[in-house]
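Data block below; observations after.
Just so it is clear, the structure is predicted and the values come from calculations on it, not from any experiment. In listed order, ligands and their atoms are each counted from 1. Only heavy atoms go into these numbers, but all of them, side chains included; no hydrogens, no water, no symmetry mates.
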Amino acid sequence: MTVTETHCPYCALQCGIRLTPEIPRVRLEPAEFPVNRGGLCAKGWTAAELLDHRDRLLTPLVRKDAGDRTSPLREATWEEALDRIVTAIRAGQERYGPDSVGAFGGGGLTNEKAYTLGKFVRVALRSASIDYNGRFCMSSAATAANRALGVDRGLPFPLEDVAQARTVLLVGANPADAMPPSMQYLDAGRAEGARHIVVDPRLTATAKGAYRHLQPLPGTDLALANGLLHIAIREALIDEEYIRDRTTGFDAVRTAVNSYWPERVERMTGVPEAHLRETVRLLAAERPSMILTARGAEQHSNGTDTAQAYLNLALALGLVGRPYSGYGTITGQGNGQGGREHGQKADQLPGYRRLDDPAARAHVAKVWGIDPAELPLPGRSAYEMLDRLGTDGGVRVLLVLASNIAVSAPHANHVIDRLRALDLLVVSDIFLSETAALADVVLPTAQWAEEEGTMTNLEGRVIRRRSALPPPPEVRTDLRFLKDLAERLGRGDFFSDEPREVFDELRRASAGGIADYAGITYERIEAEQGVFWPCPAEDHPGTPRLFADGFPTPDGRARFVRVEHRDPHEVPDKLFPYVLTTGRTMQQYQSGNQTRRVAALTVSMPEPRVELHPDLARRHGIADSDMVELRSRRGRAFFRARLNAGIRPDTVFAPFHWGGDNAVNALTDPALDRHSKMPAFKACAVAISRTEEEGTR
Ligand SMILES: Nc1nc2c(c(=O)[nH]1)N[C@H]1C(S)=C(S)[C@@H](COP(=O)(O)OP(=O)(O)OC[C@H]3O[C@@H](n4cnc5c(=O)[nH]c(N)nc54)[C@H](O)[C@@H]3O)O[C@H]1N2
Ligand SMILES: Nc1nc2c(c(=O)[nH]1)N[C@H]1C(S)=C(S)[C@@H](COP(=O)(O)OP(=O)(O)OC[C@H]3O[C@@H](n4cnc5c(=O)[nH]c(N)nc54)[C@H](O)[C@@H]3O)O[C@H]1N2
Ligand code: SF4
Ligand SMILES: [Mo]
């Protein structure tokens with residue numbers, strides 16, 4: 001019996017699992033990997049169910065009548081599917097120029113695939129049009145970390161360090177539902193008396209076990225952070241020596257936070273002054289301490305500045321680079337970290353290099369064997385690209401790999417309209433997602449247990465995804481599909497569909513960059529249970545902990561950045577009197593295209609529920625389990641009510657794992673953060689009412 005040690009297909013924790021061949025397919029068990037240590041959540045336990053699921057796409061699909069999207073999808077050969085794609089690419093580029101063909105990628109793709117997709121768009125399509133769903137995920141925290149620390153590695157320390165911290169401030173993070181096995185580290189700390197302060201408008205499972213729950217109005221986390229720093233300065237809790245020796249720019253921040261006095265911050269956020277003072281005192285005195293943010297703080301039209309405000313606080317307290325201390329963002333998707341390093345971002349080349357940096361262009365062009373002048377310039381960010389699909393100057397032919405944007409993009413009905421306006425939509429997926437259902441060509445792709453490659457987890461640990469079984473006969477990996485397509489475009493020689501070969505090229509392309517993988521090999525990953533980047537040489541041990549000796553900025557110092565509170569782009573008014581915030585439930589994953597097909601998960605979480613405070617519900621005559629209609633300026637959606645005394649009475653919460661009438665993204669605000677281009681998923685204005693309409697599912 002060959003046992004395959006690999007990792008869960010879903011979130012960034014990348015729990016280790018073991019697959020053993022068994023009739024009908026495989027047996028899945030948790031492995032003793034350093035991150036999960038034998039733990040798995042319900043999604044991981046049931047992941048193998050999808051390998052031979054009856055809904056699985058097993059052949060390419062094309063429209064019965066090419067060019068008519070109202071005609072049904074029918075099975076096709078790869079030849080026919082690729083021909084249709086190539087014909088549309090040629091026609092589009094001839095008529096509208098190279099940038100009219102583009103790609104939308106995903107943070108679930110292996111490093112090899114994300115790298116190849118970025119290269120494919122620049123080298124085979126010679127187009128600037130590529131971005132990916134990570135823009136909707138941790139782009140705000142990434143932008144802030146790059147500004148402050150010169151590098152964006154979600155956690156700059158192994159997850160196990162969290163157990164050693166005496167104080168942890170968790171801002172807009174709910175790991176108890178989003179990464180259940182990670183709770184063993186939080187729980188270990190709590191058992192030793194660590195104080196955890198959870199900042200969330202809802203009393204979550206994470207908040208319930210914490211020392212303190214702060215319940216701000218959504219979108220006021222920046223004011224909260226500036227308020228905490230204000231108190232730290234007033235009470236002489238800041239680390240003057242650290243600020244002097246290891247940072248620049250503090251004076252401007254000191255001036256900026258001057259006006260965030262506690263009474264004012266209490267009014268802005270709703271968090272009592274006493275809790276503000278207690279939080280700073282714990283962070284400063286009960287060390288080591290950590291500040292961790294996740295999507296609750298970051299997915300706002302001021303998300304970058306919000307993450308920045310927490311970085312400012314962490315730096316002022318002298319936490320960053322000290323043992324079991326510092327700032328981190330909890331990355332979300334399986335390869336959310338690696339997926340943001342190797343070039344599927346509009347402005348990026350492999351190794352976290354910048355596409356507009358001449359030295360970076362020269363280095364990568366050399367590895368790719370092209371003239372640097374051939375490389376396009378940076379393109380548009382995810383929502384900016386989607387917003388212009390099918391318009392003058394916009395993308396006309398779009399390839400979507402590993403994202404279900406018809407469900408997960410903000411202002412989803414508009415995005416669906418734009419997808420319909422394309423000349424050709426190509427979607428590669430495992431199942432017919434809501435996005436694939438709109439496509440002209442659908443391509444079936446291999447699943448996690450059928451492919452080789454690497455993923456980089458939330459700690460910056462590069463790990464291996466291993467194949468336990470072959471994909472079904474007519475199913476190809478995304479690497480193979482991209483190579484096949486490149487061949488037809490006359491650029492096949494530049495591409496490989498052999499993961500190891502791609503990884504070796506990625507290592508060379510990333511060498512000398514910020515995310516340097518040069519010293520990482522498949523063999524080392526296996527022998528060392530993952531290797532932490534940066535790892536510039538094969539005899540380099542890798543870097544589990546960053547910043548002990550300095551920061552990768554030109555002067556080696558971390559940078560303070562002055563940031564000010566701004567109201568969310570859309571605030572409640574008479575017509576839309578409540579704040580809608582959105583997020584996750586434990587049993588479902590993302591757009592739900594995978595987990596909604598797993599029987600055990602759907603039984604325990606069959607439909608989305610909107611969480612309402614009982615007082616708010618009463619005011620609208622809503623009882624638990626009633627159907628509720630939510631309306632925003634952009635659309636409406638239906639949810640069954642769940643009364644929850646632990647949520648703010650002015651705020652409602654709904655998950656985004658469903659489409660159609662239950663799509664919360666029909667409501668969300670696509671206002672973008674001006675630095676990261678992150679949409680305001682976590683705050684828009686809505687009206688609520690009880691309804692007899694059920695909506696479809
Ligand atoms: N079960 C499950 N697990 C997942 C995923 C999944 O879809 N399902 N997705 C994975 C991915 S890609 C990601 S990015 C991570 C996300 O992981 P998290 O960021 O932990 O998850 P969210 O539920 O999006 O948001 C966290 C919390 O933010 C709160 N919140 C909302 N608005 C605000 C606000 O304005 N301020 C503050 N302070 N808090 C606010 C919400 O109430 C929520 O409890 O999870 C990963 N893990
Ligand atoms: N309202 C609201 N909206 C949100 C969020 C929120 O908190 N609130 N969170 C945002 C965040 S953080 C994220 S990360 C996004 C996620 O949203 P999406 O990008 O839609 O994420 P998934 O549902 O994981 O989509 C991945 C798709 O790729 C398929 N797939 C899986 N593996 C592969 C592969 O290897 N190759 C190919 N070709 N396909 C594959 C899956 O079946 C699935 O259909 O949603 C964002 N949208
Ligand atoms: S926590 Fe994430 S990686 Fe671990 S089993 Fe659950 S979904 Fe998979
Ligand atoms: Mo995410």
Side-chain angles (χ1 to χ4, degrees), residues 7-17 28 30 33 35-36 39-47 106-108 133-139 141 154 169-183 198-207 213-222 224-225 269 271 292-300 302-303 306 310 329-336 339-340 403 408 448 455 457-458 568 579-592 594-595 601 605 611 644 646-648 651-657 680-683:
H7 298 270
C8 172
Y10 299 118
C11 85
L13 205 55
Q14 285 297 291
C15 294
I17 58 178
L28 182 155
F33 197 71
V35 188
N36 58 314
L40 285 184
C41 78
K43 299 186 299 302
W45 272 110
T46 54
N133 67 5
R135 207 52 95 155
F136 300 157
C137 185
M138 28 25 59
S139 61
L169 180 64
L170 281 151
V171 194
N174 182 18
D177 285 329
M179 294 179 189
S182 73
M183 289 305 285
V198 174
V199 184
D200 196 306
R202 296 185 301 149
L203 180 65
T204 58
T206 310
H213 175 211
L214 312 184
Q215 225 175 345
L217 181 68
T220 61
D221 299 277
L222 193 164
L224 187 80
T269 62
V271 176
L292 302 176
T293 65
R295 303 309 85 76
E298 301 161 12
Q299 288 174 323
H300 291 279
N302 68 348
T306 299
Y310 286 93
T329 180
I330 306 174
T331 294
Q333 297 181 82
N335 195 29
R340 70 189 194 245
S403 182
S408 56
W448 58 286
M455 309 279 280
N457 82 347
L458 77 171
V579 179
L580 166 70
T581 192
T582 65
R584 287 153 174 87
T585 62
M586 201 271 275
Q587 295 88 342
Q588 297 293 340
Y589 188 69
Q590 313 277 60
S591 74
Q594 291 160 284
T595 49
L601 300 176
M605 183 60 67
E611 293 183 22
N644 174 5
I647 188 168
R648 289 177 60 106
T651 301
V652 300
F653 172 92
F656 76 104
H657 312 300
F681 283 125
K682 292 287 198 264

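Proximity of Asn174 to ligand 1, defined as any heavy-atom pair under 4.0 Å, is shared by backbone and side chain alike. Contacts with ligand 1 closer than 4.0 Å are made by heavy atoms of both the backbone and the side chain of Gln333. The backbone of Gln14, and not its side chain, has at least one atom closer than 4.0 Å to an atom of ligand 3 (non-hydrogen atoms only; backbone = N, CA, C, O). The part of Thr585 lying near ligand 1 is the backbone, judged by heavy-atom distances below 4.0 Å. At a heavy-atom distance under 4.0 Å, only side-chain atoms of Cys11, from C-beta outward, approach ligand 1. With a heavy-atom cut-off of 4.0 Å, Cys137 touches ligand 1 through its side chain alone. No part of Ser182 comes within 4.0 Å of ligand 3, judged by heavy-atom distances.
In terms of protein heavy atoms, atom 2 (Fe) of ligand 3 is closest to Cys11 SG, 2.3 Å. With hydrogens left out, the protein atom closest to atom 14 (S) of ligand 1 is Arg295 NH1, 3.0 Å, a heavy atom. Atom 1 (S) of ligand 3 has its closest protein heavy atom at Pro181 CD, 3.3 Å. Among protein heavy atoms, atom 6 (Fe) of ligand 3 sits closest to Cys41 SG, 2.3 Å.
Nearest-heavy-atom check against atom 3 (S) of ligand 3 across Pro9, Pro180, Cys15 picks out Cys15.
Under a 4.0 Å heavy-atom criterion, Asn36 is not in contact with ligand 3.
If you check the side chains of Gln590 and Asn133, you find no donor sitting under 3.5 Å from an acceptor.
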